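Step one of this worksheet: look at the structure below.
To find a chain, count down the sequence lines: A is the first, B the second, and so on, and within it residues start at 1. Computed from a predicted model, the values in this text were never measured in an experiment.
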Number of protein chains: 2
Amino acid sequence: MVPKSVSKLVPKVPGVPGAGRRASYSASTKRALVDVAEQLFTEHGYSSTSLDLVVAGAEVTKGALYHHFSGKQALFEAVFERVEADAAKTIQQALRGRKDPWEKGLDGLRAFLEVVREPRYRRIVIQDGPSVLGYERFREQEERSTFANVLEIVDSVLDAGTWELDEAMKHTFARIFFGALSTAGESVTTADDPALEARRVEAAIGFMLSGLQALVEQDVELPNAFTTSGEEPDPS
Amino acid sequence: MVPKSVSKLVPKVPGVPGAGRRASYSASTKRALVDVAEQLFTEHGYSSTSLDLVVAGAEVTKGALYHHFSGKQALFEAVFERVEADAAKTIQQALRGRKDPWEKGLDGLRAFLEVVREPRYRRIVIQDGPSVLGYERFREQEERSTFANVLEIVDSVLDAGTWELDEAMKHTFARIFFGALSTAGESVTTADDPALEARRVEAAIGFMLSGLQALVEQDVELPNAFTTSGEEPDPS
DNA sequence: CGAAGTACGTACTCGCGGTATGTGAGTACG
DNA sequence: CGTACTCACATACCGCGAGTACGTACTTCG
């Protein structure tokens with residue numbers, strides 16, 4: 001049941017002399033812990049993964065774990081950050097080379113949909129992330145990784161128009177779009193026919209984008225009626 | 001630790017003191033458990049709330065809890081369902097009387113933003129829900145409460161157009177919109193100035209809606225280019 | 001009135017996160 | 001080159017909390 005050996009890059013057998021640096025041992029131990037933790041967290045979830053299982057998989061003891069991390073949550077955070085960083089990197093690569101904002105948006109969407117379908121991203125980031133880290137920390141982490149990419153896309157798309165939007169408004173737009181993308185990804189993953197649902201999602205998102213695009217090109221004004229937060233105007 | 005002088009024979013429902021019905025006791029006990037659990041789950045979160053604390057607050061023992069619920073998760077589920085049901089009811093009330101789809105959408109949005117700002121909804125449904133129930137069960141629960149309202153709104157909005165959309169496509173649309181609304185609500189709640197952010201959100205969502213509306217009124221075709229994973233259509 | 005069922009209460013187990021402390025290999029320094 | 005100090009763990013243990021086994025008073029029904 002317990003994964004016997006995940007990664008043993010450096011011989012940890014005591015008594016073996018040579019050029020084995022202590023810091024090197026330390027780094028590989030830490031990495032092994034994160035590797036195993038990522039695997040187990042993905043497979044069984046956070047709460048159902050015991051630290052005993054993690055340290056057994058990494059072939060160390062709890063002493064080693066608590067030397068490198070302050071506790072279970074800190075270990076999760078390390079795993080979380082790595083998964084998020086990988087996701088952001090994947091999306092980033094899909095974006096480079098694109099110059100047209102709309103193409104960029106669609107490519108970003110597709111890359112995002114791919115990322116969200118990864119089991120580790122679904123389980124660690126989407127499912128357990130908010131609960132374990134708390135919503136505040138969860139958002140902070142998102143802010144400087146995956147969300148940053150979405151913000152960049154939305155930025156470039158909105159800049160194509162002639163409006164003057166302040167940073168806060170762009171940020172709000174991006175957040176809403178980000179939420180739409182997240183659930184869209186989840187929708188794809190959990191669908192009976194993911195490929196078909198992916199096409200639907202692309203149609204829906206692309207449709208919203210084209211709606212935006214139409215407004216941009218027609219230089220439509222921002223609907224101030226929605227911003228007054230008071231009574232709605234007399235329906236015509 | 002454990003409440004020593006528990007009110008065993010004290011009727012928990014003021015009323016007929018002579019013929020204390022057993023079923024009445026049972027129902028009130030169960031309700032008390034859910035009430036206290038909702039409060040504690042909201043305040044401290046799921047994992048940080050011990051069952052000892054719950055039963056102490058409800059002035060019963062663990063025996064009573066495990067008589068009514070199969071465990072901690074089942075108790076959470078009961079709380080979750082009630083919070084979701086209340087939320088759905090609130091939104092439903094904001095919608096009744098409205099017949100214009102777009103107005104309905106905006107009113108629904110405002111009601112949703114209100115609901116999402118409730119601490120119990122944020123903590124129990126959004127934050128802890130996916131982790132405790134698992135994403136599958138979480139989605140199933142959403143499906144027949146809050147999301148149903150969003151689906152209804154999106155349905156009526158989309159029906160205003162002349163397209164023929166199948167149920168699956170409408171569902172996809174609704175899900176994406178639902179995701180957008182959720183993060184929008186969170187964006188409002190966690191903002192430095194919630195009122196201001198609420199105006200931004202309404203502007204952004206309303207803007208998307210008006211984008212849709214513009215397309216509907218112009219009877220624009222569905223952008224099939226997005227479904228075939230090709231280039232974007234030539235804007236005219 | 002007695003038997004069965006219900007609605008709890010009591011006492012206990014055990015897995016698991018966290019801690020206190022020991023220890024031997026590395027490292028700095030004189 | 002030896003010694004004092006530190007680092008990177010290992011071992012043993014604690015306490016909390018979820019879940020369980022079982023006892024018991026009250027209710028309902030034949």
Side-chain angles (χ1 to χ4, degrees), chain A residues 1-2 8-34 36-37 40-41 44-77 128 132, chain B residues 1-13 16-34 36-37 40-41 44-77 132:
Chain A
M1 226 1 99
V2 180
K8 221 170 159 185
L9 306 174
V10 189
K12 291 170 188 162
V13 186
V16 174
R21 294 227 11 138
R22 190 164 67 167
S24 166
Y25 281 17
S26 174
S28 74
T29 297
K30 189 169 182 177
R31 229 192 116 185
L33 283 169
V34 176
V36 175
L40 293 177
F41 284 158
H44 310 295
Y46 177 78
S47 62
S48 296
T49 299
S50 72
L51 293 184
D52 287 333
L53 229 74
V54 174
V55 297
E59 290 180 320
V60 290
T61 59
K62 295 178 78 171
L65 197 155
Y66 275 90
H67 174 73
H68 288 288
F69 303 96
S70 64
K72 192 182 184 183
Q73 178 169 336
L75 175 61
F76 178 84
E77 242 167 284
D128 286 341
V132 177
Chain B
M1 186 79 49
V2 182
K4 52 253 160 277
S5 62
V6 187
S7 55
K8 292 188 249 187
L9 298 178
V10 178
K12 293 170 183 157
V13 176
V16 277
R21 299 265 322 168
R22 189 164 65 163
S24 167
Y25 281 15
S26 174
S28 74
T29 297
K30 189 170 183 178
R31 234 191 111 185
L33 283 168
V34 176
V36 174
L40 293 177
F41 284 158
H44 310 295
Y46 177 78
S47 62
S48 297
T49 299
S50 72
L51 293 184
D52 287 333
L53 228 75
V54 174
V55 297
E59 289 180 320
V60 290
T61 59
K62 294 179 80 171
L65 195 155
Y66 275 90
H67 173 74
H68 288 288
F69 304 96
S70 62
K72 192 182 183 183
Q73 178 169 337
L75 175 62
F76 179 84
E77 237 166 291
V132 177

Mind listing the side-chain donor-acceptor pairs of residues 64-73 of chain B below 3.5 Å, one per line with the distance, residues two or more places apart or on another chain?
residue : atom : partner : partner atom : Å
B:K72   : NZ   : B:Y46   : O            : 3.0
B:K72   : NZ   : B:T49   : O            : 2.9

Nearest-Å distance, OH (A:Y25) to P (C:dT27)?
10 Å
Just the rounded figure in Å: distance from P of C:dG5 to NE2 of B:H67.
14 Å
Rounding to an integer number of Å, can you tell me how far A:E59 CD sits from D:dA8 C1'?
17 Å
In whole Å, I'd like the distance from the NZ atom of B:K30 to the P atom of C:dT6.
14 Å
Complementary nucleotide of D:dG30, counting Watson-Crick and G-U pairs under 3.5 Å:
C:dC1
Report each atom pair, protein N/O against N/O of nucleotides 17-20 of chain C, whose distance is under 3.5 angstrom.
residue : atom : partner : partner atom : Å
C:dG17  : OP1  : A:T49   : O            : 3.4
C:dG17  : OP1  : A:K72   : NZ           : 3.0
C:dG17  : OP2  : A:L51   : N            : 2.9
C:dG17  : N7   : A:K62   : NZ           : 3.0
C:dG18  : OP2  : A:Y66   : OH           : 2.8
C:dG18  : OP2  : A:K72   : N            : 3.1
C:dG18  : O5'  : A:Y66   : OH           : 3.4
C:dG18  : N7   : A:K62   : NZ           : 2.9
C:dG18  : O6   : A:K62   : NZ           : 3.0

Round to the nearest Å and state the distance from B:L75 atom CG to D:dG19 atom C1'.
14 Å
Exercise: identify the closest heavy-atom pair between B:L75 and B:L33
CD1-O, 4.3 Å
Do B:V55 and B:T61 have side-chain heavy atoms sitting under 4.5 Å apart?
no
Does a nitrogen or oxygen in the side chain of A:T29 sit under 4.0 Å from OP1 or OP2 of D:dC9?
yes
Considering just the side-chain nitrogens and oxygens of A:H68, establish if one lies under 4.0 Å of OP1 or OP2 belonging to D:dA8.
no
Are OP1 or OP2 of D:dT11 and a side-chain N or O of A:T61 less than 4.0 angstrom apart?
no
